[in-house]
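Every chain is numbered from 1 and lettered A, B, ... according to where its sequence line falls, protein lines coming before strand lines. As the structure is a prediction and not an experimental result, all values here were calculated from the model.
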Amino acid sequence: MFDLSPVYDLMLRLMPFETLEPRFMRQALLALALLAPMTAAMGVQVVNFRMAFFADAISHSAFAGVAMGLILSVDPGWSMAVFGVVVGLAIVAAQRRSALSSDTVIGVFFAAVVAFGLAVVSRDRNVARDMQRFLYGDILSIRDGEVVFLCFLFVALMAFQALAYNRLLYVGLNPALAQTHRVRVAVHQYLYAGLISLVVVFAVQAMGVLLVTAMLIVPGAAARNLARSAGAMFWWSIMIGLVSAVAGLFISAQDWARTATGATIILVAFGFFLISALAAWLRQGQPR
Amino acid sequence: MAVAFENVTVSVGGTVILDKVTASAPLRGSTAIVGPNGAGKTTLLLALLGQVRYQGAIRVAAGAGGGPARVGYVPQRFPFDRGMPLTVTEFLVMGQQRRPLWLGVRKSQRERARKLLASVKAEALENRPLGALSGGEMQRALLALALQQEPDLLILDEPAAGVDARGGVIFCELLESLRASCGFTQIMVSHDLATVTHHATHVIALNRRVIAEGPPAETLTRETLTALFGLHMGLVDRDAMPGRQTACDCRRREAPHV
């Protein structure tokens with residue numbers, strides 16, 4: 001459908017590293033260069049408004065999404081995306097209407113989607129083996145079609161962050177106050193939930209269910225330690241997310257390392273977090 | 001009338017919180033809603049803000065421009081993550097500026113935020129992190145945020161809570177002068193009767209239903225207060241206080257105009 005070969009050739013010419021010689025490495029690098037800034041940007045809101053559990057629920061809906069694909073015999077990659085978005089929007093709708101606390105609502109959905117996924121998967125042993133892929137993820141096996149989709153998602157998501165960053169801050173701080181002061185709260189909540197669900201579902205394929213939340217929260221948490229303003233936090237988060245992803249990919253491909261890419265990326269990001277925590281600790285006590 | 005509540009009833013899970021409340025708030029006046037804990041004061045405000053479902057009607061007069069009234073709201077509690085990196089200027093700009101904060105604050109917006117802070121006498125807070133503000137400072141930042149709406153209707157929930165007595169007096173006087181210069185209608189919930197007597201122009205005494213309504217001196221009678229709070233409740237007698245001062249004596253300054 002799309003031939004990305006010229007892009008990959010250009011990448012090799014610009015970055016003539018031995019590590020990047022296999023095509024799948026350049027594919028993975030491109031995918032990560034798109035995915036990491038997206039998760040890091042959305043992570044700013046996830047960290048500030050304590051939405052880690054929400055992201056976790058979406059990532060765990062991956063099983064059910066794949067199972068749905070198998071039942072309806074459609075490409076599990078796409079059924080996963082659609083299912084993830086539906087679950088994300090359903091959680092927001094339930095939160096807005098229910099008197100239950102937010103984490104209870106998420107917990108209920110979390111349990112339901114995991115149980116549904118396991119129920120379907122348990123019927124078929126072959127499917128169970130396929131599921132391993134989603135537990136640990138594999139960025140090195142990403143396909144061109146998915147990379148192209150990531151490009152579109154990147155543009156949409158960054159446009160959203162540009163248009164809605166300030167108002168999301170308002171809504172996140174206090175929805176009732178934002179509503180009274182004429183911010184369209186529901187629109188922002190649903191759009192944010194839909195987009196973060198898409199990002200999470202794609203990140204699951206790269207990082208695996210177990211580590212996807214880390215892609216969202218670790219750069220954001222480190223950024224929060226370093227930034228002194230809401231504007232700066234965005235850039236810190238993107239920078240840490242991107243550098244961790246690229247460094248993690250390169251390190252994981254070295255002969256001395258030979259580690260899983262997703263896990264290596266998160267370890268590098270955690271290193272940044274430790275440094276940021278030290279910086280925050282040193283700054284404490286100083287007048288701000 | 002700026003706001004008219006007509007037979008407003010709110011019930012949650014079978015418990016009646018507000019029972020056929022009919023009351024009003026005069027245009028450009030300062031209306032105080034008083035009553036004991038659990039009287040439904042905050043619920044009445046939330047109904048006005050459209051945050052809870054109610055039966056009956058709430059009529060709000062059109063705004064200065066002829067459109068729907070613009071509302072500024074100062075909540076009693078503003079729970080937020082105090083470790084969040086967010087400056088007071090960003091806090092005041094987030095609802096106004098289109099350009100994302102990660103591309104910086106526009107000069108014109110910064111100037112506007114500065115003016116707003118000056119109007120609530122909090123110029124020094126401009127570059128402070130929001131999480132480092134004290135209770136009184138936070139209240140001013142929230143008031144500045146509400147004033148940014150150029151409100152026809154300013155709604156405050158317990159403005160004197162969480163602030164010491166002196167801070168409460170200063171805040172009351174600030175509101176009084178802002179109301180005179182901006183011409184908004186003010187509605188507040190308060191449990192501080194001294195504040196109410198000397199600051200409000202209109203009182204709604206509420207305990208699930210309206211016990212009494214009218215100017216403070218006529219409304220807050222011994223009978224009303226007993227009905228509201230039980231026995232032994234009365235206002236502080238000004239003559240008994242040193243220098244005839246009470247906690248929030250804004251009316252004293254107004255006296256020559258009367």
Side-chain angles (χ1 to χ4, degrees), chain A residues 37 40-41 44-51 96-97 99 158-185 188 220-239 276-277 280 283-284 287-288, chain B residues 12-13 42 45-46 48-52 67-106 109 127-132 141-142 145-151 153-155 157:
Chain A
V44 171
Q45 288 95 24
V46 170
V47 169
N48 279 339
F49 308 126
R50 302 174 185 199
M51 294 178 66
R96 286 177 56 83
R97 283 165 183 77
M158 288 302 166
F160 174 70
Q161 283 286 350
L163 292 171
Y165 190 79
N166 303 355
R167 307 296 190 273
L168 282 175
L169 204 55
Y170 220 137
V171 174
L173 277 171
N174 193 321
L177 190 63
Q179 182 88 51
T180 306
H181 291 169
R182 296 176 299 151
V183 176
R184 280 176 294 174
V185 172
H188 283 89
R224 203 179 129 121
N225 280 334
L226 295 168
R228 287 168 189 235
S229 69
M233 184 172 169
F234 180 83
W235 292 115
W236 276 114
S237 186
I238 295 233
M239 202 178 71
S276 76
R283 203 167 68 193
Q284 260 177 13
R288 292 219 236 184
Chain B
V12 176
T42 299
L45 283 194
L46 292 177
L48 173 58
L49 292 171
Q51 305 280 346
V52 293
R70 297 164 69 112
V71 179
Y73 175 44
V74 180
Q76 179 188 1
R77 272 182 292 269
F78 189 70
F80 74 103
D81 189 346
R82 287 192 168 262
M84 199 170 130
L86 178 68
T87 65
V88 172
T89 299
E90 285 180 318
F91 178 67
L92 292 177
V93 162
M94 69 186 177
Q96 299 292 313
Q97 182 175 286
R98 285 227 161 272
R99 181 206 279 183
L101 287 171
W102 39 269
L103 291 179
V105 175
R106 278 184 191 279
Q109 292 285 352
N127 294 315
R128 293 265 298 279
L130 195 70
L142 284 166
L145 191 76
L147 290 176
Q148 189 179 52
Q149 297 295 318
E150 294 168 0
L153 194 59
L154 183 69
I155 300 174
D157 195 354

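Looking at B/Tyr73, both its backbone and its side chain come within 4.5 Å of chain A, counting heavy atoms on both sides. When heavy atoms are compared at a cutoff of 4.5 Å, B/Arg99 approaches chain A solely by way of its backbone atoms N, CA, C and O.
Within the 4.5 Å cutoff, the side chain of A/Leu173 has heavy atoms near those of the B/Phe78 side chain. Side-chain contact between A/Asn48 and B/Pro85 is present, with heavy atoms from C-beta onward closer than 4.5 Å. Residues A/Leu177 and B/Pro75 meet the side-chain proximity criterion, which asks for heavy atoms closer than 4.5 Å. Residues B/Leu145 and A/Tyr170 meet the side-chain proximity criterion, which asks for heavy atoms closer than 4.5 Å. Contact check for B/Asn127 versus A/Arg228: no side-chain heavy atoms found under the 4.5 Å cut-off. Residues B/Leu101 and A/Tyr165 meet the side-chain proximity criterion, which asks for heavy atoms closer than 4.5 Å. You'll find the side chain of A/Gln179 stays beyond 4.5 Å of the side chain of B/Leu49, heavy atoms only.
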Worked verdict on B/Gln51 versus A/Thr180 for side-chain contact (heavy atoms from CB on, under 4.5 Å):
CA-CA 9 Å; B/Gln51 305 280 346; A/Thr180 306; 3.7 Å; yes
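Within the 3.5 Å criterion, the main-chain N or O of B/Trp102 finds a donor-acceptor partner in the side chain of A/Trp235. Between the A/Arg167 side chain and the B/Met94 main chain, a donor and an acceptor come within less than 3.5 Å of each other. Between the side chain of A/Asn166 and the main chain of B/Gln97, a donor-acceptor pair closer than 3.5 Å is present.
The choice from B/Val93, B/Leu103, B/Asp81, B/Leu86 that makes the most heavy-atom pairs within less than 4.5 Å of chain A is B/Asp81. The residue among A/Arg182, A/Arg50, A/His181, A/Met233 with the most heavy atom pairs within less than 4.5 Å of chain B is A/His181. Ranked by heavy-atom pairs under 4.5 Å with chain A, the first of B/Gly104, B/Gly72, B/Gly95 is B/Gly95.
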